[in-house]
Structures are given as structure tokens and as C-alpha cells.
Amino acid sequence: MRRTLAALLTVAALTAPLAGCSKAKPVTGTVVSKDTDHECKTKKKGKKRTRSCHTEYELTVRTKAGKEEEVDVSSSAYGLCAEGLNYPKCTKN
């Protein structure tokens, strides 16, 4: 029961930031770089410690105006978009 609850909370925590991205201004341009951040948090409850980790995927996109903007993407979009490809077109198969 605890593992199931922990798994559900992890999924909710990972998808919540993505839900907020849909409200952001859409960015279009060319992918100039890719980056991942592996983050871990340790929570202490009484004498027990639990550690949870996740990876954040980020693309840097150069717009037609020449401005570089960082875009948080899913792991699948990160895998599909190589440097030099057009974003968001590269995220669609």
C-alpha cells in the first residue's frame, strides 16, 4: 500500500510542473542545446528517511528574433529533438 501511494505521489509530482508549462507563451525556433538536471530530495519523517529523484529535461531554443529561451519538455520530446531541428515540430512524430 505504501509503495503504491509513493508511486502515485511521484507521478503526480513529476507531471504537475508539466501542466504549468501549457500556460506559458509558445516558443518556436531552432534547438541549439539540450540539458538534463537530475534532482534528488531527502525527506525525514521521525527516524525514517526517504529519498526521491527525478530528471528534468530542457531544450534551449533560438527564436527567429535571435533570442534564446529555455523550454521544459517531456523525456520523449527531449529524445526526439536533436540540435538543429525546429521546435516544436520535432516533438511530433
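From a predicted model like this one, the values you see are computed outputs, not experimental measurements. These values consider heavy atoms only, across backbone and side chains, with no hydrogens, waters or symmetry-generated copies.
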Passes side-chain contact (heavy atoms from CB on, under 4.5 Å), T60 versus V31? Steps please. CA-CA 6 Å; T60 302; V31 178; over 6 Å; no
If the condition is side-chain hydrogen bond (donor to acceptor under 3.5 Å, both in side chains), which residues does S76 pass it with, not counting sequence neighbours?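 Scan of S76 (side-chain hydrogen bond (donor to acceptor under 3.5 Å, both in side chains), adjacent residues dropped) gives S74.
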By salt bridge (charged side-chain N to carboxylate O under 4.0 Å, His left out), which residues pair with E68, not counting sequence neighbours?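 So E68 forms a salt bridge (charged side-chain N to carboxylate O under 4.0 Å, His left out) with R62.
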Quick check on side chain to side chain contact (heavy atoms under 4.5 Å, CB included): which of T91, V73, V32 does L59 satisfy it with?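 Per the side chain to side chain contact (heavy atoms under 4.5 Å, CB included) rule, the option paired with L59 is V73, out of T91, V73, V32.
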Distance (rounded to the nearest 0.5 Å) between S33 OG and E70 CD: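 The CD atom of E70 is 7.5 Å from OG of S33, to the nearest 0.5 Å.
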Interatomic spacing from NZ in K89 to CG in L80 - rounded to 0.5 Å: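 Rounded to the nearest 0.5 Å, the NZ-CG separation comes to 14.0 Å.
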Just wondering, do [Y] and [X] contact through their side chains at under 4.5 Å, heavy atoms?
{"X": "E39", "Y": "C53", "result": "no"}
{"X": "N86", "Y": "T30", "result": "yes"}
{"X": "V27", "Y": "T63", "result": "yes"}

Report yes or no: does K48 contribute a side-chain atom to a donor-acceptor pair with the main-chain N or O of K43 at less than 3.5 Å?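 Such a contact is absent between K48 side chain and K43 backbone.
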Should T36 and Y78 be marked as a side-chain contact (heavy atoms from CB on, under 4.5 Å) after you check the CA-CA gap, both sets of side-chain angles, and the distance that decides it? CA-CA 9 Å; T36 58; Y78 182 85; 3.5 Å; yes
Quick one: is the NZ or CZ of K34 closer than 6.0 Å to the six-membered ring centre of Y57, and within 45° of its axis?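 No, K34 does not lie over the aromatic ring of Y57.
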